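In this text the structure is predicted, and so the values were computed from the model without any measurement. Chain letters run A, B, ... following the sequence lines, proteins first and then strands; every chain starts at 1.
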Amino acid sequence: MTWNFSEINQDVDKDIESVVDQKTLEDFRIKYLGRKGLVQKIFASLGTLSKEEKPIVGKDSNILKNRLSSLLEQKQKEIANKKSNAGKTKLDVSLPGVSFASGHTHLISQTIEEICDIFEKLGFIVEEGPEIETEHYNFSALNIPANHPSRDGFDTFYLNAPDPKEKGVNLLLRSHTSPGQIRIMEEHKPPLAVIIPGKVYRPDAVDASHSFMFHQIEGLLIDKDIKFSHLKGLLSAFCKRLFGDKIEMRFRPHFFPFTEPSAEVDISWAQGKKTWLEIMGCGLVHPAVFKAAGYPKGKYTGLAFGLGVERIAMLKYGIKDIRTFYENDDRFLKQF
Amino acid sequence: MKVSLNWLNEYVKINLSAQELSHRLTMAGLEVESIDTVKGDKVFELEITPNRADCLSIIGLAREVSAMLNKSLKVPTIKKTPQVKNKISITIEDKKACLQYVGFLVENITVGKTPTGMSNHLSSLGLRSINNIVDITNFCLMELGQPLHAFDYDKLSGGKIIVRRAKKGESIVTLDDVERKLDPSILVIADAKRPVAIAGVMGGKDSQVTSQTKNILLESAYFDPILIRHTSRKLALSSDSSYRFERGVDQQNVLPTANRALALILENAKGKMVSFSDARVSKKKALQKNVSITLDQINSYLGAQISSAKIKSILTKLDFKLKETKKNSYQITPPSFRPDIKQEVDIIEEIARIIGYDQLPEALPLINATNMKENVRRQKRNLLKRTLVGQGLKEIITFAMVNQSMLDKSNYDGIKGIEVCNPITQDHAMMRPSLFSSMMSVVQTNINKGQRKLSFFETGKTYTKNKEEEVLCLLISEETNSDWRDQKRGYRNYFDLTGKINEIFDCLSLQGVTYEVKNYRNLEEGQSAQINWDGKSIGFVGKVAGEVLNNWGIKAGRFYCAEINVENILSRSLKEKSFVPLCEYPAVSRDVSIAVNKDVSFDKVKAVVVKNGTKLLSNFRFVEEYLGEKIENDKRGLMFSVTYQSSNKTLREEDVNVIHEKVLKALVVDLDVIIR
């Protein structure tokens with residue numbers, strides 16, 4: 001019996017094409033490499049061949065056997081791969097990711113922190129003071145005279161609670177954070193550099209730009225040789241940090257009983273025709289304030305400043321109505 | 001305060017545009033709020049600070065401009081009072097409220113038209129021309145800052161003037177045609193019978209100067225600023241006069257202004273002055289205090305290099321008398337209209353202001369406050385806030401003032417907050433004793449807008465009996481954002497909130513917070529607890545009562561809320577953490593499932609396990625509570641996992657078994673549990 005190996009190879013080529021899964025692969029194996037398969041038949045026929053033919057056919061049949069084995073192995077891998085691919089899920093990778101949503105601090109708190117951070121980096125310490133105050137700390141010690149209009153019930157909330165230290169006088173809600181200046185000066189010896197954020201209260205009817213409760217930040221720096229030039233330098237550095245290098249600013253003379261010289265700080269973003277926005281009050285600490293805090297005359301000088309947090313936040317973030325802060329709409333809280 | 005550029009120009013030559021002048025005024029502390037054009041004139045609206053009553057006049061402002069621009073100031077010459085024999089009867093009854101009252105009786109005047117120049121000036125400031133007499137008083141008020149008033153003398157009963165407090169029941173119809181009820185807190189100018197003017201605020205209609213008027217009484221006076229302010233506020237009536245009196249006029253200007261007006265009246269309305277009185281409480285002239293200062297003081301305070309010549313020039317232009325006692329040392333006498341100048345810093349401010357703050361140098365101070373310590377309270381509060389934010393809560397800030405009705409709606413039972421004596425509305429009449437009602441109002445706002453998945457916290461003060469204490473309020477809605485992979489995760493309950501509370505204590509390295517069953521009127525019975533820490537109750541936690549939600553009109557959702565007094569927590573110093581070595585030996589875990597009587601709390605079970613688990617018990621993890629049918633009615637199932645681990649060796653199975661058996665036995669003996 002003679003074997004046409006080139007025809008056999010053609011058959012193999014054709015048959016391997018039709019192998020697509022485990023079953024057809026098995027059929028293929030049985031047909032060629034099975035116990036009764038073609039390769040076995042060829043090997044069995046070797047004995048019937050002539051001496052000359054035997055080595056040739058033997059060699060060819062070994063080649064065929066190796067080829068079949070390698071084809072089988074290759075096909076087996078292909079089918080296995082195909083199978084594992086079919087088992088995998090195809091993700092819609094664009095479906096929303098799942099997270100546990102973080103909360104938010106209030107924009108007022110964030111603004112306070114931002115401002116405090118700037119001053120802390122400059123070497124200030126953040127302090128706090130009480131909201132319920134006495135006339136002494138809120139007014140008298142700050143050089144605000146006994147009959148000053150700001151002491152009226154029109155400008156300050158009084159509480160139905162007597163001042164334990166001053167007979168016939170009621171406690172009040174601080175109308176600014178400045179009483180903190182006196183408290184700090186009493187508690188610490190200079191040099192001192194403090195920032196005092198907190199709630200303040202004034203009997204203003206609520207509208208888009210007024211609220212009877214709002215937040216202020218007070219600053220106080222006292223040492224042996226603080227000058228007016230320092231006030232300008234410090235607050236310029238602060239404003240540029242908070243609002244960016246592009247702003248312009250100006251110090252405009254103003255009046256506060258507890259500072260002298262006093263100024264208001266205006267900033268402007270516009271080039272050319274400027275609109276100035278007032279952002280803070282400041283000045284050098286008035287000698288009467290040092291006196292009230294029990295500091296020796298002429299020993300120290302200092303600078304002080306105060307700013308409204310809501311106003312800054314409104315300017316910075318384009319909020320038009322101060323009531324937005326206290327309404328606490330979830331959509332507002334989420335934005336910042 | 002309005003000022004016209006043309007009028008100003010009559011006293012000081014201004015070579016600047018309106019825009020430039022406006023900038024200079026603003027930068028000298030006389031803030032220009034707006035510039036209007038009125039018939040070719042420029043009119044500035046100025047905001048004058050309360051310490052600068054002297055700038056409430058055209059001449060006062062011209063003086064400032066002359067100093068700023070270094071120009072000379074030309075003021076009109078004021079004649080002396082003509083000599084007359086007759087006196088008017090003027091009685092000052094309230095000698096504290098009125099320090100001086102000057103009265104001129106001018107007869108046979110002709111009431112008529114006002115000269116055009118004068119009426120133009122007045123109209124540029126928005127003052128309507130009435131007649132020559134009234135206009136002259138207004139003109140002098142604007143020019144010199146001293147308010148004047150002219151009465152029709154023939155309407156004054158008895159021809160006399162009494163400066164007194166109004167009597168109870170008296171009233172007056174003022175020039176603006178409004179009848180005003182008076183009382184003894186109000187100072188009036190009265191004739192023999194009745195009030196004819198509210199002192200310093202507005203004249204009476206009956207005695208006003210009309211076209212028929214023949215004889216007038218011209219008034220120039222000094223009234224107490226505080227009294228005028230109170231009257232003006234009380235009557236809700238303010239005028240150009242009251243505005244100036246309440247800020248304080250210059251008493252030394254009272255008579256000169258009357259003289260200025262008299263000269264103008266005689267010139268424009270003819271007539272003759274026949275009687276005159278100048279009633280004063282004190283004949284002594286108040287002396288201005290001298291201030292001594294050196295050039296060095298000025299420059300060192302400002303951090304600047306200003307020349308002596310510049311300083312002298314500025315102060316002289318502002319009418320300060322300056323004497324150089326020795327080189328660069330000055331003794332300065334401020335003018336009578338500058339009672340605000342009392343000490344060195346006041347002088348320094350004048351110099352800085354006129355030079356312009358923008359012209360002064362800028363420098364960074366050396367800040368060296370190393371002796372001050374960080375504020376622990378703020379550090380801890382920030383840590384706490386960060387933790388809550390990490391737990392998905394949003395911070396709210398609400399008003400610290402509430403009202404009784406908010407507390408009632410919130411079933412509040414505690415002590416009241418401090419009352420506000422002068423609340424702006426009854427809605428905010430009490431300092432809050434609790435944050436819970438504010439939280440409910442925020443829930444209401446959000447629910448009304450359809451936002452139902454809420455997670456909020458607020459840190460704020462409560463105010464009771466003169467005490468302000470810091471309180472933390474937390475709220476979560478039952479409904480929460482669901483995970484689209486597992487819809488069942490979209491709700492929360494009591495344990496979501498206690499979990500967050502535990503996180504707070506963890507982040508502050510504080511231990512020992514416990515929850516004890518307690519009922520509160522604002523919380524659902526059976527789902528509320530008292531929070532204990534450090535041996536004390538510090539607040540409550542639980543499900544907000546349906547009744548409270550009804551009271552607030554909150555129709556959608558269920559909520560869990562906690563309020564915790566954090567005063568003691570925040571005031572304690574922050575505990576430094578120290579490293580616990582990581583254990584390198586294997587751990588052995590045992591799952592335990594027990595059936596226990598329902599009245600035995602989890603806390604008790606855990607305590608028994610921890611107590612008997614020895615030092616080797618390294619972890620206790622709660623797995624599940626079972627309340628199903630497979631267990632007796634009065635019992636519940638609890639499943640937990642305990643882990644044993646040694647820090648210095650690998651535990652043998654037998655060692656663990658011994659301890660674990662002991663734990664299980666203790667549970668059976670102590671708590672009567674059944675091991676399942």
When rounded to the nearest 0.5 Å, the distance separating NZ of A:K227 from CG of B:L360 is 12.5 Å

Run A:E327 and B:K449 through salt bridge (Lys or Arg N to Asp or Glu O under 4.0 Å) and show every step you take. CA-CA 12 Å; A:E327 200 187 27; B:K449 292 181 174 190; 3.1 Å; yes

Enter the distance from B:R381:CZ to A:S109:OG here, rounded to the nearest 0.5 Å. 9.0 Å

Heavy-atom distance under 4.5 Å to chain A: side chain of B:Q343, backbone, both or neither? side chain

Can a donor-acceptor pair be found between the side chains of A:S236 and B:E362 at a distance below 3.5 Å? yes

Atom CG of A:L221 and atom CG of B:L366: how far apart are they, to the nearest 0.5 Å? 9.5 Å

With a cut-off of 6.0 Å (strictly less than), are more than 12 heavy atoms of other residues, nucleotides or ligands near CD of B:E33? yes

Apply salt bridge (Lys or Arg N to Asp or Glu O under 4.0 Å) to B:R229 and A:D152, showing your working. CA-CA 11 Å; B:R229 189 179 82 230; A:D152 282 357; 3.5 Å; yes

Are B:E31 and A:R252 close enough for a salt bridge, meaning some N to O gap below 4.0 Å? yes

Are the ring centres of A:F228 and B:Y301 closer than 6.0 Å? no

With a cut-off of 6.0 Å (strictly less than), are more than 12 heavy atoms of other residues, nucleotides or ligands near NZ of A:K189? no

Distance under 6.0 Å and angle within 45° of ring axis: B:R233 vs A:F154: yes

Using modelled atom types and a 3.5 Å cut-off, is there a donor and acceptor pairing between side-chain atoms of B:N446 and backbone atoms of A:N328? yes

If you round to the nearest 0.5 Å, how far is CD1 of B:I348 from CG of A:L284? 8.5 Å

Do B:R378 and A:E120 pass the salt bridge (Lys or Arg N to Asp or Glu O under 4.0 Å) test, and can you show the C-alpha distance, the side-chain angles, and the key distance before you say yes or no? CA-CA 13 Å; B:R378 174 170 172 268; A:E120 281 185 292; 3.5 Å; yes

